[in-house]
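Report on one structure; see the data block that follows.
Predicted model, so just to flag it, every value in this text is computed and none were measured.
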Protein chains: 2
Amino acid sequence: MPHFPFQRLQSELAVLIAGTPAGKRLPSEPELAKQLGVSRATLREAMRTFETRGLIRRRQGSGTFVVGQVPVINSGLEILESLETMAKRMNLEISVSNLRIERLYADQEFADSLGVPLATNLTRVQRIMSTGKRPVAFLVDILPEDVLNPKQLPENFRGSVLDFLLERGDLLTMARAAISATDAPADVAKALEVQRGDVLLQFTSQLFLANGRVVDHSFGYFLPGYFHFHILRRIVS
Amino acid sequence: MPHFPFQRLQSELAVLIAGTPAGKRLPSEPELAKQLGVSRATLREAMRTFETRGLIRRRQGSGTFVVGQVPVINSGLEILESLETMAKRMNLEISVSNLRIERLYADQEFADSLGVPLATNLTRVQRIMSTGKRPVAFLVDILPEDVLNPKQLPENFRGSVLDFLLERGDLLTMARAAISATDAPADVAKALEVQRGDVLLQFTSQLFLANGRVVDHSFGYFLPGYFHFHILRRIVS
DNA sequence: CAGTGGTCTAGACCACACG
DNA sequence: GTGTGGTCTAGACCACTGA
């Protein structure tokens, strides 16, 4: 018995997953662990890496399923556009769920980011984006209420604050987006149907008007396997 | 006793870490687990999130230490420049270790990316970047041997392929960088002194000449807590 | 050498999905 | 209810660090 079952486990699982038709269920965890001669904890640790890559999906109460042909959202980030617009450009079906619109007061962080006094009235728009039946992104926009008042929003508002501001004719010029990687916090993990601690791609961005004012502070979490974000980087001389 | 020790654990650990001076060691894991009334496995899971944020550092055989004041590399990605150049611009000390230069033959992936036939001679340059005594990035460049022959490299070559090509006068124009988030693969985890499965930010990029030829395929892994990468996104009309 | 974090096991109980 | 994945425990052994 080798000292490091993990690497061997990974290759064995890779074969098993590759050899299982898309949509099919894998054997249950206790059974797989027994078959492969490892404990369930070790098996689950190895499974996690496959879930991050979007190859399998684990659903509590139901089972672990092989995912085939992950629909990928592929986009250059130099261009400022909403996920909705990206998806339309790529002929990809996406849908919005859990749309929540709330009022809140600026804490120190939002006040700094938006350039407004503490306790200013703010509007918060939160939503979950899905492709097929899979939630793939968790997005939150926070704006001063004088920029976006919930009452202004149309009946059919589906959650893209950027598209709403553009259609309204606001003189938006650019956004500054920061990119990082993070563990899924508990609430986001639940919303995206992944496990606490799974790997997510994280964006934080500020949206600027032509006059330099920040009108929107937003942040989002993305399932890595479902997005191919890229950037063109240029030499400056 | 609550059903979910995890959230409580996280807040208790946050207090403990915040209250410990930078550089100090925390109690050992078995002891902490006992003090906090959880098993060691649960404790370690919670600790992981703090390590991802760069707040603590765990070292096998030695202990878990509180990190204070993480030096951050903060850079816009629209500009194509090496990590070395970024760091110089920010007056940040960085150093290179484990520099390895090897020859290999193009497999399908590299052949596609570089636009060369299968089995073409390639040069591979690998290095680890550290700030202070902490390794923070794992970088690999792969180029056709007719673009970069190991013999051409000067004695004092410190690993930045981009800077070398620029100084040589190659007509580089831009790079296309893809960004994702991933679990640390075993070899990278070891190099960056993190645990297998920890969260890393991942880049893959191709470097283009003015004539459109791809001269360099590179990829890198970055510790999220130590980098603030951002992008300016513009409206196109 | 003793003590640390890293890995793995075996088993328990819980929350959830589905018939 | 039954079976699934999600969480947690208790304990073992290993690899590594540093006195």
Exercise for the section: Give one of base, sugar-phosphate or nothing for A:Gln195, where a contact means two heavy atoms less than 4.0 Å apart. Expected result: sugar-phosphate

Exercise for the section: Starting from the 5' end of DNA chain C, give me the residue, B:Arg25 or B:Arg196, whose nearest nucleotide shows up first. Expected result: B:Arg25

Problem - Side-chain N,O (B:Thr42) to OP1/OP2 (D:dT9) below 4.0 Å - result: yes

Completion exercise
Rounded to whole Å, the CG-P distance (B:Leu36 to D:dT9) equals 11 Å

Problem - A:Phe229-A:Phe203 aromatic ring centre distance below 6.0 Å - result: yes

Completion exercise
Between the CZ atom in B:Arg127 and the CZ atom in B:Phe157, the distance rounded to the nearest 0.5 Å is 6.5 Å

Practice task
Give the intermediate values and the outcome of side chain to side chain contact (heavy atoms under 4.5 Å, CB included) for residues B:Met129 and B:Val96.
Solution key: CA-CA 5 Å; B:Met129 313 284 305; B:Val96 172; 3.7 Å; yes

Exercise for the section: For B:Arg48, report the nucleic acid contact type (base, sugar-phosphate, nothing); a contact means any heavy atom under 4.0 Å. Expected result: nothing

Practice task
May I ask you to establish whether A:Arg58 and A:Phe65 are in a cation-pi arrangement, using a distance under 6.0 Å from NZ or CZ to the six-membered ring centre and at most 45° from the ring axis?
Solution key: no

Problem - Earlier contact from the 5' end, DNA chain D, for A:Ala41 and A:Thr64 - result: A:Thr64

Handout entry: Residue met sooner reading DNA chain C from 5', once B:Glu51 and A:Ser39 are mapped to nucleotides
Key = B:Glu51

Exercise for the section: Could you check whether A:Arg59 gets within reach of a base, just the sugar-phosphate, or nothing at all, counting any heavy atom under 4.0 Å? Expected result: sugar-phosphate

Handout entry: B:Gln7 CD - D:dT7 C1' separation (whole Å)
Key = 13 Å

Exercise for the section: Find the distance A:Leu32:CG to D:dG6:P and express it as a whole number of Å. Expected result: 13 Å

Handout entry: Distance in angstrom units between A:Leu43 CG and D:dG6 P, rounded
Key = 11 Å

Handout entry: Touch class at under 4.0 angstrom, heavy-atom based, for B:Arg40 against every strand present
Key = base

Practice task
Identify which nucleotide among D:dG5, C:dG5, D:dT9 has an atom closest to any side-chain atom of B:Ser28, counting heavy atoms from C-beta outward.
Solution key: C:dG5

Problem - Check: B:Asn74 and B:His230 side chains under 4.5 Å, non-hydrogen atoms - result: yes

Handout entry: Interatomic distance, B:Asp198 CG vs C:dT7 C1' [rounded to whole Å]
Key = 14 Å

Practice task
Look at B:Ser62 and D:dT17 and indicate whether a side-chain polar atom (N or O) is within less than 4.0 Å of OP1 or OP2.
Solution key: no

Practice task
Nearest whole angstrom, please: distance from the C1' of C:dG6 to the CD of A:Glu45.
Solution key: 11 Å

Practice task
Please work out if B:Arg57 contacts a base, only the sugar-phosphate, or nothing of the nucleic acid, heavy-atom cut-off 4.0 Å.
Solution key: nothing

Practice task
Among D:dG5, C:dT4, C:dT7, find the nucleotide with the atom closest to the side chain of A:Pro30.
Solution key: D:dG5

Practice task
Indicate whether OP1 or OP2 belonging to D:dT4 is found under 4.0 Å from a side-chain N or O atom of A:Arg58.
Solution key: no

Problem - Spacing between A:Gln60 atom CD and C:dC18 atom C1', to the nearest angstrom - result: 13 Å

Exercise for the section: Answer yes or no for A:Arg196 and B:Phe6: cation-pi contact, defined as NZ/CZ to six-membered ring centre under 6.0 Å and angle to ring axis within 45°. Expected result: yes

Handout entry: A:Glu31 CD - D:dG5 C1' separation (whole Å)
Key = 14 Å

Problem - Of the listed nucleotides C:dT7, C:dT4, D:dG5, the one nearest the side chain of B:Arg44 - result: C:dT7

